[in-house]
Amino acid sequence: MSNSNTPIHVTVTGAAGQIGYSLLYRIASGQMLGADQPVVLRLLEIEPAMKALEGVIMELDDCAFPLLQDVVATSDLKTAFDSTSWALLVGSIPRKAGMERNDLLNINGGIFGPQGRAINDYASDDVRILVVGNPCNTNCLIARSAAPDIPADRWFAMTRLDQNRARSLIAKRVGVSVEDVSGLVIWGNHSSTQFPDFENAQVQGKPLESVVNDRTWLEGDFITTVQQRGAKIIEARGASSAASAANAAIDSVVSVVNPTRKGDCVSLAVVSQGEYSIPEGLQFGFPVVSDGKSWKIIEGLSHDSFAQERIRLTTEELLSEREAVKALL
Ligand code: NAD
Ligand code: LMR
């Protein structure tokens with residue numbers, strides 16, 4: 001079946017890396033933008049990885065994806081972001097065992113300003129950006145700051161992997177499907193201070209807390225397991241999460257461009273306009289709903305003193321990351 005829709009250009013940075021290797025094939029097969037939507041992939045890599053990228057592209061060709069109209073491989077920022085409507089900023093160094101994600105700021109922070117500028121100058125007017133490379137909230141802030149012409153609501157950093165982890169953990173604990181767990185979102189930073197908000201979540205429409213019926217576990221092991229999951233995967237695999245990270249990137253974009261399931265919300269780190277007293281301008285994990293065209297933060301949720309303290313801690317961390325990179329903003 002031929003497809004006459006105009007292709008959407010999607011840029012993936014770090015395309016020859018681990019996440020890239022899971023992500024590109026899913027975009028090209030239509031899992032991100034839809035089964036009728038042709039795409040052009042614009043793949044950015046650094047020079048030393050261009051050879052590996054050639055192999056990745058041979059495999060894309062060998063999949064014979066009907067929706068994949070073209071692939072551009074480049075180490076040039078202008079070419080990478082030219083006419084792009086979705087920029088998935090993955091390319092950066094992953095942490096090693098024993099590191100926190102924000103230990104990467106010195107190494108990775110410098111990547112995102114130039115990319116933000118190139119997006120500002122060359123991307124399509126409708127561009128939206130998802131930052132995956134860690135520490136993703138602050139890298140997103142850096143890129144956004146370099147792109148004054150791009151509206152702030154186009155920028156997302158990825159807290160969806162944490163949300164997926166939290167939902168899966170609860171579903172297993174109480175023996176339901178992940179689809180039965182709703183409203184469970186991550187507040188703040190994609191880091192070990194994030195707060196998976198069990199207080200505002202539901203299982204099969206009932207308050208999650210009443211179904212789990214173990215506040216000590218929720219306050220303790222549940223939160224810690226979600227916060228430390230990335231580190232545990234590095235410990236076990238010797239490399240950071242890749243397939244689940246690519247899956248969460250797909251989920252993130254899908255959740256922006258499609259209406260949110262009724263009664264649910266999704267986790268995205270979006271720019272704070274002061275909601276819930278979070279300082280303006282931070283790229284902060286919030287509960288978000290989308291109508292498929294625009295998104296908004298769910299307002300009016302309440303937090304007890306335990307949750308307020310958790311949100312304070314993750315806010316403090318993001319403020320200190322912002323302070324640490326102020327020369328880049
Ligand atoms: P990887 O090392 O396998 O791949 C990274 C790729 O980026 C490499 O191919 C490298 O050549 C490329 N790269 C480096 N600098 C670049 C630059 N300036 N421009 C373009 N490309 C560049 O790493 P990975 O496992 O794919 O992880 C990538 C990033 O994603 C890491 O920072 C990791 O911590 C992060 N991550 C985030 C989440 C999340 O939930 N937000 C989840 C998993 C991983
Ligand atoms: C994750 O959450 O798996 C990623 O952010 C990788 C990491 O460093 O933990």
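Counting starts at 1 for both ligands and their atoms, following the listed order. Bear in mind that the values here come from a model prediction, so they are computed numbers and not experimental data.
Classified by interplanar angle (parallel below 30°, tilted 30° to 60°, perpendicular above 60°), the ring pair Y25/Y21 is perpendicular.
Inclusion of G20 in the set of residues having an N or O under 3.5 Å from an N or O of ligand 1 is not warranted. Ligand 1 has no N or O atom lying under 3.5 Å from any N or O atom of R95, backbone or side chain. Annotation: L161 places no N or O atom under 3.5 Å from an N or O atom of ligand 1; distance criterion only.
If you look at Q18 next to ligand 1, the close heavy atoms, those under 4.0 Å, come from the backbone and the side chain alike. The proximity of I234 to ligand 2, defined as any non-hydrogen pair under 4.0 Å, is limited to the side chain. Contact annotation: for S92 versus ligand 1, heavy atoms closer than 4.0 Å belong to both the backbone and the side chain.
Shown in contact with C136 at under 4.0 Å from a heavy atom are these atoms of ligand 1, numbered in order with element: 41 (N). Set against the non-hydrogen atoms of G230, the atoms of ligand 2 under 4.0 Å away are 1 (C), 2 (O), 3 (O), 9 (O). Applying the 4.0 Å criterion to heavy atoms of I93 picks out, from ligand 1, the atoms 31 (C), 32 (O). Residue G14 has at least one heavy-atom neighbour below 4.0 Å for each of these atoms of ligand 1: 6 (C), 7 (O), 12 (C), 20 (C), 21 (N). Interface atoms of ligand 1 facing A245, defined by a heavy-atom separation under 4.0 Å, are 42 (C), 43 (C). Heavy-atom contacts of A49 reach the following atoms of ligand 1: 11 (O) (cutoff under 4.0 Å). The distance from ligand 1 to the heavy atoms of I111 drops below 4.0 Å at these ligand atoms: 15 (N), 18 (N). Listed by number with element, the atoms of ligand 1 under 4.0 Å from a non-hydrogen atom of A16 are 9 (O).
Residue-ligand proximity: S241 is placed with a non-hydrogen atom under 4.0 Å from ligand 1. For R165, the heavy-atom gap to ligand 2 drops under 4.0 angstrom. Ligand 2 has at least one atom lying under 4.0 Å from a heavy atom of N134. Note on ligand 1: A242 sits outside its first shell, no heavy atom being nearer than 4.0 Å. Residue Q115 places a heavy atom under 4.0 Å from ligand 1.
Shortest contact from atom 23 (O) of ligand 1 to any protein heavy atom: P94 CG, 3.4 Å. In this structure, atom 12 (C) of ligand 1 lies nearest to the protein heavy atom E45 OE1, 3.3 Å. The protein heavy-atom contact nearest to atom 33 (C) of ligand 1 is N134 ND2, 3.7 Å. The protein heavy atom nearest to atom 5 (O) of ligand 2 is H190 NE2, 2.6 Å. Distance from atom 8 (O) of ligand 2 to its nearest protein heavy atom, with residue and atom name: R95 NE, 2.5 Å. In terms of protein heavy atoms, atom 4 (O) of ligand 1 is closest to G17 CA, 3.2 Å. Protein heavy atom in closest approach to atom 16 (C) of ligand 1: I46 CG2, 3.5 Å. With respect to atom 28 (C) of ligand 1, the closest heavy atom belonging to the protein is V90 O, 3.4 Å. Summary of contacts: the protein heavy atom closest to atom 30 (O) of ligand 1 is I19 CD1, 3.5 Å. At the top of the distance list for atom 39 (C) of ligand 1, counting protein heavy atoms only, stands H190 NE2, 3.2 Å.
Counted by atom type alone, D76 and T74 present zero donor-acceptor pairs between their side chains at under 3.5 Å. In this structure, a donor-acceptor pair under 3.5 Å is absent between the side chains of E100 and S191. There is no side-chain donor-acceptor pair under 3.5 Å between T314 and N189. Between the side chains of D197 and H303, at least one donor-acceptor pair of N or O atoms lies under 3.5 Å.
In this structure a side-chain-to-backbone donor-acceptor pair under 3.5 Å is present from N5 to D36. Between the side chain of W295 and the backbone N or O of D153, at least one donor-acceptor pair lies under 3.5 Å.
The pair D251-R167 does not meet the salt-bridge criterion, since no charged nitrogen lies less than 4.0 angstrom from a carboxylate oxygen. Ion pairing between K51 and E45 fails under the 4.0 Å rule for side-chain N and carboxylate O.
The option with the heavy atom closest to atom 3 (O) of ligand 2, from among P135, S241, S240, is S241. Checking R101, Q227, R229 against atom 2 (O) of ligand 2, the nearest heavy atom belongs to R101.
The minimum heavy-atom distance linking L141 with G281 is given by the pair CD1-O, 3.5 Å. Scanning all heavy atoms of the two residues, the minimum distance from V132 to A249 falls at CG2-CB, 4.4 Å. Nearest heavy-atom pair across L318 and G188 is CD1-C, 3.9 Å. Listed here is the closest heavy atom pair of V40 and P7: CG2-CB, 3.9 Å. The two residues C265 and G183 come nearest to each other via the heavy atoms SG-CA, 3.7 Å.
With a 6.0 Å radius and a threshold of 12 heavy atoms from other residues, nucleotides or ligands, F65 has its CZ atom above the threshold. Remark: N106 CG is loosely packed, at most 12 non-hydrogen atoms of other residues, nucleotides or ligands lying under 6.0 Å away.
In terms of hydrophobic clustering, with Ile, Leu, Val, Met, Phe, Trp and Tyr side chains grouped at heavy-atom distances under 4.5 Å, L89 and F156 are assigned to different clusters.
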Step-by-step side-chain contact (heavy atoms from CB on, under 4.5 Å) determination, T79 to R42: CA-CA 8 Å; T79 309; R42 312 188 74 85; 4.2 Å; yes
